[in-house]
Structure formats: C-alpha cells, structure tokens
Chemist: 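Below are the structure tokens for one structure; questions will follow.
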Amino acid sequence: MTEAARGWLALQQDLGGDEVILDRPMVATPAASGWRKGAPPIPGPGMVITLPQLAFGGEPAWESLETVAAAIAECRRCPLCEGRTKTVPGEGNPSARLMLVGEGPGENEDLSGRPFVGRAGELLDKILALIEAPRETVFIANVVKCRPPKNRAPLPDEREACRPYLRRQIELVKPKVLLALGSTAAEALLGVKKPLIELRNRVHRWDGIPLIITYHPAALLRNPNWKRPAWDDVRIARQLIDSDS
Ligand code: URA
C-alpha cells in the first residue's frame, strides 16, 4: 500500500469509519502497485475493504496475537514469502513475563510453523529449564517470520518488512523482560550493530522493557565455550523477572 493510500485510510479511521467503499481503483494498474501473482487483489470499484486499526506511525495495530499471526500468514511484504512452506509467527504464553526473540525460522521451523523446534530448540529448552522458565511459560518470536534461503541471516529489507509484526507482538505480550538470542535479534531490537560480546552481560532497554542479549543457541552448539557466559546472561534475565520493579 502506498504512503498516500495508508494516510488516507488512517484519516478515514480517525473520522470514525471502519469500512470504506471504493469508487475508483486505488492504483492505476497492477504493475504500478507492485502486484504479483498470488498477492491479495488490488482494491477496485465497488469493493468493500475493512480498515485495519492503524497505530501511530501508520502500521496496523493488530488487536491480538492471533490477528498478528493471521496477518503474517498472508504476508507478501518481502521475497521470503516465495520460499516459505509455513510462516512461523511465534508462540507461547500470551502474557509471558519472559519473551525471547530469535533470528528466523530454519528448515524444521519452516516445515512445522513453530519456532525453535530443531537442535537449537532442544538446547533452548534446556537453557529455559535451568532458569525455571519452561517453554510453555514464555513467548518465543523471531525477527523474521519466514525462512531465509539456506538459513542465511535475514537481509536488512527482510527485517524491516517484518518489524511491525515483532513490535506489535512485544506490545501485546508486554513481557517484563526481553531476551535477544544472537546478534540479528540484538541488532533488530537495539537498532545498532555491535559485536555480541560488547552487548551481553548488561541490561539494555527496548521501549522501557529490560532487554538482555545473549548468544544464539545455534552458536552455542558450535562453540560450547560460550555456554557459560550464556548461562550468566539468562540468570540476569531470571533476576530481572523476579525483581519487584
Ligand atoms: N533459529 C532461530 O533464530 N529461530 C528459530 O525459530 C529457529 C532457529
């Protein structure tokens, strides 16, 4: 959707409407809209479209984790949609005190639609058990919701396309503590690129929420020496969960 169209819809919503009936196409031609085969239809004359709730900044304010997941399932904002088997929106306790953010789905996650179900996931479960925060008590999301080809790190445009989903998920879960797993998650949440060793072992903030950064479980599988510092990091997260503030 173009900025102009988005702004116009936001205005309609401010005026109290939740539906709009178009009297002319919103874009002149399919090509002009960037429409591709398989994408949702271009709004045309007589079509009734329901206005999404638009948050400040023009992004839809999905009202629940389920509506975020539904939007992700339909998402064609970046080329990763072409290669996905399933979207992996994230899952867990919708009012978790601890929310984890990984990088993006791998092969097992792409096939199952669930985050961290491969070997890295098994290690993550063990780490969570150590701090008595089993998987069912936390919420686990990723920076991108579709698998990048050959498990490469998501590109800046792909992260950007997924950013509203992660932001809204955090806003809806309202965790007491965020735990970023690996440098992609750290960069996405902090907005700066730095070596992980400089970011771990301290408390950052994401919109006021304490944010701990540690190694990605897949990195721990490759470098078992990092398990000890990762353990220190998750213990800081545990202390923050238990603190009164
Ligand atoms: N790695 C991630 O970053 N996320 C997953 O969901 C699985 C593996």
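In each ligand, atom 1 is the first atom listed, and ligand 1 is the first ligand listed. Both backbone and side-chain heavy atoms feed into the values below; hydrogens, waters and symmetry mates do not.
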Chemist: Taking distance alone, with N or O pairs closer than 3.5 Å, would you say Glu109 contacts ligand 1?
Modeler: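 Not met; the criterion fails.
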Chemist: What protein heavy atom lies closest to atom 2 (C) of ligand 1? Include the residue and the distance to one decimal.
Modeler: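 Scanning the protein heavy atoms, the shortest distance from atom 2 (C) of ligand 1 goes to Gly104 O, 3.1 Å.
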Chemist: Does Val88 come within less than 4.0 angstrom of ligand 1, counting non-hydrogen atoms of the residue?
Modeler: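 No, Val88 has no heavy atoms under 4.0 Å from ligand 1.
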Chemist: Does CD in Glu136 sit with more than 12 non-hydrogen atoms of other residues, nucleotides or ligands closer than 6.0 Å?
Modeler: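 Above 12, so yes.
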Chemist: Any salt bridge linking Glu109 with Arg147? Criterion: basic side-chain nitrogen under 4.0 Å from a carboxylate oxygen.
Modeler: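 No, Glu109 and Arg147 are not salt-bridged.
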Chemist: For Pro115, take its heavy atoms, then give the atoms of ligand 1 lying under 4.0 Å from any of them.
Modeler: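 Atoms satisfying the 4.0 Å criterion: 6 (O).
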Chemist: Do Arg163 and Glu160 sit within salt-bridge range, that is, some charged N less than 4.0 Å from a carboxylate O?
Modeler: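 Looking at Arg163 and Glu160, the cut-off is met.
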Chemist: Within the structure, is a non-hydrogen atom of Ala120 found at a distance of less than 4.0 Å from ligand 1?
Modeler: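 For ligand 1, residue contact (heavy atoms, under 4.0 Å) with Ala120 is absent.
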Chemist: Can we say Glu171 and Arg167 salt-bridge, meaning some charged N sits less than 4.0 Å from an Asp/Glu carboxylate O?
Modeler: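 Looking at Arg167 together with Glu171, the answer is yes, because their closest N to O distance falls below 4.0 Å.
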Chemist: Using a plain distance cutoff, I'd like to know if Phe116 has any nitrogen or oxygen under 3.5 Å from a nitrogen or oxygen of ligand 1.
Modeler: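 Yes: some nitrogen or oxygen of Phe116 is under 3.5 Å from one in ligand 1.
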Chemist: So is Arg114 polar-close to ligand 1, meaning N/O to N/O under 3.5 Å?
Modeler: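 Between Arg114 and ligand 1 (N or O atoms, distance only) the closest approach is not under 3.5 Å.
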Chemist: Using a strict cut-off of 4.0 Å, indicate which atoms of ligand 1 neighbour a heavy atom of Glu103.
Modeler: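 Those qualifying, in numeric order: 2 (C), 3 (O).
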Chemist: Would you check whether Gly106 has a nitrogen or oxygen atom less than 3.5 angstrom from a nitrogen or oxygen atom of ligand 1?
Modeler: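 Not met; the criterion fails.
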Chemist: Of the protein's non-hydrogen atoms, which lies at the shortest distance from atom 4 (N) of ligand 1, and what is that distance?
Modeler: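 The protein heavy atom lying closest is Asn142 OD1, 2.8 Å.
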Chemist: Do Glu103 and Val143 have side chains that approach each other closer than 4.5 Å (heavy atoms only, starting at C-beta)?
Modeler: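 A side-chain contact is absent here, since even the closest heavy-atom pair is not under 4.5 Å.
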Chemist: Does atom CG (Asp157) have a neighbourhood of more than 12 heavy atoms from anything else shown, all under 6.0 Å?
Modeler: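 Incorrect, the count does not exceed 12.
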Chemist: I'd like to know if Glu158 pairs up with Arg152 as an ion pair, taking the criterion as any Lys NZ or Arg NE/NH1/NH2 lying under 4.0 Å from an Asp or Glu carboxylate oxygen.
Modeler: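 Answer for the salt bridge query: yes.
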Chemist: According to salt bridge (Lys or Arg N to Asp or Glu O under 4.0 Å), who are the partners of Asp110, at least two apart in sequence or on a separate chain?
Modeler: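 Residues passing salt bridge (Lys or Arg N to Asp or Glu O under 4.0 Å) with Asp110: none at all.
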Chemist: State the atoms of ligand 1, each with its element, that fall below the 4.0 Å cut-off from a heavy-atom position in Gly102.
Modeler: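 Going through ligand 1 atom by atom, the ones under 4.0 Å from Gly102 are 3 (O).
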Chemist: Nearest to atom 1 (N) of ligand 1, what protein heavy atom do you find, and at what distance?
Modeler: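 Here the nearest protein heavy atom works out to His216 NE2, 3.2 Å.
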